[in-house]
Amino acid sequence: RGSGLPAEPACTTLTPASAGGPLPESQSVLVLRWLGTASYELAFRRQVLLLDAFYDRGPRYRPIGIGPADVRRANAILVGHAHYDHVSDAPEIARRTGAMVVGAPPTAAYLRTAAVPPAQIRMVKGGDVLDFGGFTVEAVHANHSEFPPGTAERSRAAFATIYPDTLTEAERKHEAEVTARGSRAPEIRTEGTFAFLFSFEDGFRLVWTDSPGAVSAGERQVMAKLGKVNALLLAYQGPQQWQDLVAQAMARVQLYRPDILIPGNHDERPGFLFDAPLDPLFLVAREALPGIRTIAPLYRTPICIDVKSREVFVGR
């Protein structure tokens, strides 16, 4: 824990900056918050970026503690890909806050159908770099997850055995409304999924992924130049048994060689996916990369990093 970080008001509250909470006061403090599924909030130097936007998740999900209507401030929304469980609340938030929404061509196409003002849509391709003042963000072509044949069906069957379907009519309607959002364009799997590389002035680098697909050529190309990153926000989920999930995730961990590993996307998807266990991943990562710091995030808990001193503080 960094000695100065607990004094930051943003590091001691569960209220995200996008929902009215404080921004970090120090010019070198980065505040990350996991907001369920693959969604995060990133606050740095008076700016708030949302990474994916999926807060109204449906009737059986665990509550995150905020909804899309609570989001009052966002400078930009970065969308890893345009499936409903990553982009569904981005249009509403963009219209209210004026935030720029960044994504691949299928994402931009969906945003146009969802009444996002054209001036707020920023379509990117692999290698494009956006400058936010104090840090840049590079779009890196990634791969969407592909489940081995039969695993998704077995996962749904196992879930139904343990948790019988007891949805009310109102809950069914809510679930249908949520899953109808986003795009189902087949191009999402081939050209519409991105990771984003954040580079800060003090040399601190962070990568966020929102789908646990196989490592892409774009990722390998970027890391051939960089060698490693300081932090990895890793999408970690799937219907496979934990040994296969860990092996899949470790291919990306070995590529990025992060000092700090923070998984996301591992929470339960009612009716389909159970919580993905983090301890097996952390144990293997610790053996592969001695000295790595692993953080199991909780919804809205601030994870504060001083990008200059590399000190880390995890709030409550």
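Counting all heavy atoms, side chain and backbone alike, A176 lies closest to T179 at O-OG1, 3.4 Å. The shortest heavy-atom contact between A296 and L278 is CB-CD1, 3.8 Å. When every heavy atom of G182 is checked against every heavy atom of V87, the shortest pair comes out as CA-CG1, 3.7 Å. Nearest heavy-atom pair, Q240 versus P148, reported as atom, atom and distance to 0.1 Å: NE2-CD, 3.6 Å. Listed here is the closest heavy atom pair of V178 and R57: CG1-O, 3.9 Å.
Looking at heavy atoms from C-beta onward, R73 lies out of side-chain contact with P16 at the 4.5 angstrom threshold. Counting heavy atoms from C-beta outward, I93 and Y55 have side chains that approach closer than 4.5 Å. Looking at heavy atoms from C-beta onward, L289 lies in side-chain contact with P258 at the 4.5 angstrom threshold. No side-chain heavy atom of P239 sits less than 4.5 Å from a side-chain heavy atom of R154. Between P91 and Y110 there is a side-chain heavy-atom pair separated by less than 4.5 Å. Put simply, the side chain of L111 does not reach to within 4.5 Å of the side chain of V79, judged on heavy atoms. Proximity of F54 to Y84: side-chain heavy atoms (C-beta onward) are separated by under 4.5 Å at one or more points. Residues R60 and L167 form a side-chain contact, since some pair of their non-hydrogen atoms from C-beta on lies under 4.5 Å apart.
Between F159 and F272, a ring centre-to-centre spacing not shorter than 6.0 Å is recorded. In this structure, F44 has its ring center under 6.0 Å from that of F200.
A distance of 6.5 Å separates CG in L206 from CZ in F198, rounded to the nearest 0.5 Å. The distance from atom CG of L14 to atom CZ of R300, rounded to the nearest 0.5 Å, is 5.0 Å. Atoms CD1 and CD1, from I295 and I262 in turn, are 4.5 Å apart once rounded to the nearest 0.5 Å.
Ion pairing of R189 with E146 is present here, as a side-chain N (NZ or NE/NH1/NH2) and a carboxylate O approach within less than 4.0 Å.
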Please table the atom pairs, donor to acceptor, closer than 3.5 Å between any side-chain atom in residues 226-235 and protein atoms at least two apart or in another chain.
from: K228; atom 1: NZ; to: R257; atom 2: O; distance (Å): 3.4
from: K228; atom 1: NZ; to: D259; atom 2: OD1; distance (Å): 2.9
from: K228; atom 1: NZ; to: D259; atom 2: OD2; distance (Å): 3.2
from: N230; atom 1: OD1; to: R205; atom 2: N; distance (Å): 2.8
from: N230; atom 1: ND2; to: D259; atom 2: OD2; distance (Å): 3.2

Report, one line per pair, each donor and acceptor closer than 3.5 Å where one atom sits in a side chain of residues 120-132; sequence neighbours left out.
from: Q120; atom 1: NE2; to: A94; atom 2: O; distance (Å): 2.9
from: Q120; atom 1: NE2; to: A99; atom 2: O; distance (Å): 2.8
from: K125; atom 1: NZ; to: D128; atom 2: OD1; distance (Å): 3.2
from: D128; atom 1: OD2; to: K125; atom 2: N; distance (Å): 2.9
from: D131; atom 1: OD1; to: G133; atom 2: N; distance (Å): 2.8

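For residues 204-278, no residue pair satisfies the disulfide bond (SG atoms under 2.5 Å apart) rule, not counting sequence neighbours. A salt bridge (charged side-chain N to carboxylate O under 4.0 Å, His left out) check over residues 93-107, counting only residues at least two apart or in different chains, returns the pairs E92-R96. Within the structure, salt bridge (charged side-chain N to carboxylate O under 4.0 Å, His left out) pairs that include any residue of residues 74-90 comprise D85-R269, D89-R181 (at least two apart or interchain). Listed by first and then second residue, the salt bridge (charged side-chain N to carboxylate O under 4.0 Å, His left out) pairs that reach into residues 30-48 are R33-E41, R45-E201, sequence neighbours excluded. Listed by first and then second residue, the ring-ring contact (aromatic ring centres under 6.0 Å, His included) pairs that reach into residues 225-260 come to none, sequence neighbours excluded. Here disulfide bond (SG atoms under 2.5 Å apart) pairs that include residues 228-307, with residues two or more places apart or in two chains, are C11-C304. Listed by first and then second residue, the disulfide bond (SG atoms under 2.5 Å apart) pairs that reach into residues 257-293 come to none, sequence neighbours excluded.
Checked by atom type, the side-chain pair S39/T37 shows no donor-acceptor distance below 3.5 Å.
Counting only distance, with no hydrogens or angles, the side chain of S216 and the backbone of H141 share a donor-acceptor pair below 3.5 Å. Looking at D70, its side chain never comes within 3.5 Å of a backbone N or O of A19 through a donor-acceptor pair. The main-chain N or O of D267 is found under 3.5 Å from a side-chain atom of Q237 such that the two form a donor-acceptor pair. Put simply, the side chain of Q248 gets close to the backbone of P212: a donor and an acceptor are under 3.5 Å apart.
Using the six-membered ring where Trp is involved, Y299 and W34 have ring planes that are tilted, between 30° and 60° apart. Under the 30°/60° scheme for interplanar angles, the aromatic rings of F274 and Y163 are found to be tilted.
In this structure R62 satisfies the side-chain hydrogen bond (donor to acceptor under 3.5 Å, both in side chains) test together with D275, sequence neighbours excluded. Among residues two or more places apart in sequence or in another chain, the ring-ring contact (aromatic ring centres under 6.0 Å, His included) test is passed with H81 by H83, H86, H144. T12 meets the side-chain hydrogen bond (donor to acceptor under 3.5 Å, both in side chains) test with no other residue; sequence neighbours excluded.
Heavy-atom neighbours of E169 CD from other residues, nucleotides or ligands within 6.0 Å: at or below the threshold of 12.
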